[in-house]
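To start, I am sharing the structure in question, which I have written as structure tokens.
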Amino acid sequence: MGSVHGFPGVDPSDAAVGARLKRWREQRGMTLDDLARHLDITPEEARRIEAGRAHLDSLGVGAATTALRLPLWALVSDSRAY
């Protein structure tokens with residue numbers, strides 16, 4: 001991805017995962033600070049992930065789905081995997 005004025009570009013896949021993460025977190029009533037604690041990252045990093053400006057690796061996806069009590073597909077797809 002390119003950058004504008006020194007800011008990194010947003011990867012569409014990261015943006016989609018981040019948007020799903022934020023939507024599920026809010027639906028579950030979890031604060032950003034609580035999510036960050038579950039993922040062992042800072043709240044600022046959690047904000048960047050939800051905004052699509054940082055990548056959530058496979059361990060983070062696993063930790064997030066466990067913390068939010070979700071199936072894996074919920075963060076990587078908008079349709080059920082079964």
Side-chain angles (χ1 to χ4, degrees):
M1 294 281 127
S3 65
V4 176
H5 301 291
F7 291 101
V10 174
D11 182 290
S13 297
D14 289 338
V17 169
R20 289 182 195 107
L21 178 61
K22 182 175 182 178
R23 183 179 69 232
W24 282 110
R25 178 182 61 77
E26 289 175 345
Q27 285 179 1
R28 295 288 200 254
M30 182 180 283
T31 67
L32 190 70
D33 289 343
D34 287 339
L35 177 64
R37 240 184 327 278
H38 282 288
L39 300 180
D40 197 27
I41 59 176
T42 66
E44 180 55 36
E45 182 69 10
R47 270 187 216 90
R48 287 197 303 270
I49 290 168
E50 287 188 348
R53 295 189 323 260
H55 180 74
L56 185 63
D57 63 16
S58 59
L59 290 175
V61 169
T65 56
T66 298
L68 294 168
R69 301 182 195 279
L70 297 169
L72 179 63
W73 64 262
L75 292 183
V76 297
S77 176
D78 284 327
S79 46
R80 293 180 182 266
Y82 51 88

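All residue numbers refer to positions in the sequence shown, counting from 1.
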Legend entry - ILVMFWY cluster, Leu72 and Leu70 together (side-chain gap under 4.5 Å):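 Same cluster.
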
Legend entry - Residues that Glu26 engages under side-chain hydrogen bond (donor to acceptor under 3.5 Å, both in side chains), provided they are two or more places apart: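 side-chain hydrogen bond (donor to acceptor under 3.5 Å, both in side chains) list for Glu26, sorted by chain: empty.
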
Inset, instruction - Measure across Val10 and Gly52 and return the closest heavy-atom pair with its distance rounded to 0.1 Å. - result: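 In this case the closest contact between Val10 and Gly52 is CG1-O, 3.3 Å.
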
Inset, instruction - Please list, chain by chain and in numerical order, all residues satisfying salt bridge (charged side-chain N to carboxylate O under 4.0 Å, His left out) with Asp33, sequence neighbours excluded. - result: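 Counting only residues at least two positions away or on another chain, Asp33 forms no salt bridge (charged side-chain N to carboxylate O under 4.0 Å, His left out).
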
Legend entry - Residue pairs fulfilling side chain to side chain donor-acceptor pair (under 3.5 Å) with at least one residue in residues 54-70, sequence neighbours excluded: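 Residue pairs with at least one partner in residues 54-70: Asp14-His55.
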
Legend entry - Nearest heavy atoms of Leu75 and Val17, plus distance in Å: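 So the minimum-distance heavy-atom pair works out to O-CG2, 3.4 Å.
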
Legend entry - Residues forming a salt bridge (charged side-chain N to carboxylate O under 4.0 Å, His left out) with Glu45, sequence neighbours excluded: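 Counting only residues at least two positions away or on another chain, Glu45 forms a salt bridge (charged side-chain N to carboxylate O under 4.0 Å, His left out) with Arg48.
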
Legend entry - Nearest-0.5 Å distance that lies between atom NE2 in His38 and atom CG in Leu68: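 If we round to the nearest 0.5 Å, His38:NE2 and Leu68:CG are 8.0 Å apart.
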
Inset, instruction - Check salt bridge (charged side-chain N to carboxylate O under 4.0 Å, His left out) between Arg28 and all other residues, then give those that pass, not counting sequence neighbours. - result: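 Residues passing salt bridge (charged side-chain N to carboxylate O under 4.0 Å, His left out) with Arg28: none at all.
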
Legend entry - Charged N-O contact under 4.0 Å between Glu50 and Arg47: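 Answer for the salt bridge query: no.
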
Legend entry - Euclidean distance, Leu32 CG relative to Arg25 CZ, rounded to 0.5 Å: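 Answer rounded to 0.5 Å: 5.0 Å.
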
Inset, instruction - To the nearest 0.5 Å, tell me how far Glu44 CD sits from Arg53 CZ. - result: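 Rounded to the nearest 0.5 Å, the CD-CZ separation comes out at 7.0 Å.
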
Legend entry - side chain to side chain contact (heavy atoms under 4.5 Å, CB included) partners for Ala63, two or more places apart: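 So Ala63 forms a side chain to side chain contact (heavy atoms under 4.5 Å, CB included) with Leu39.
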
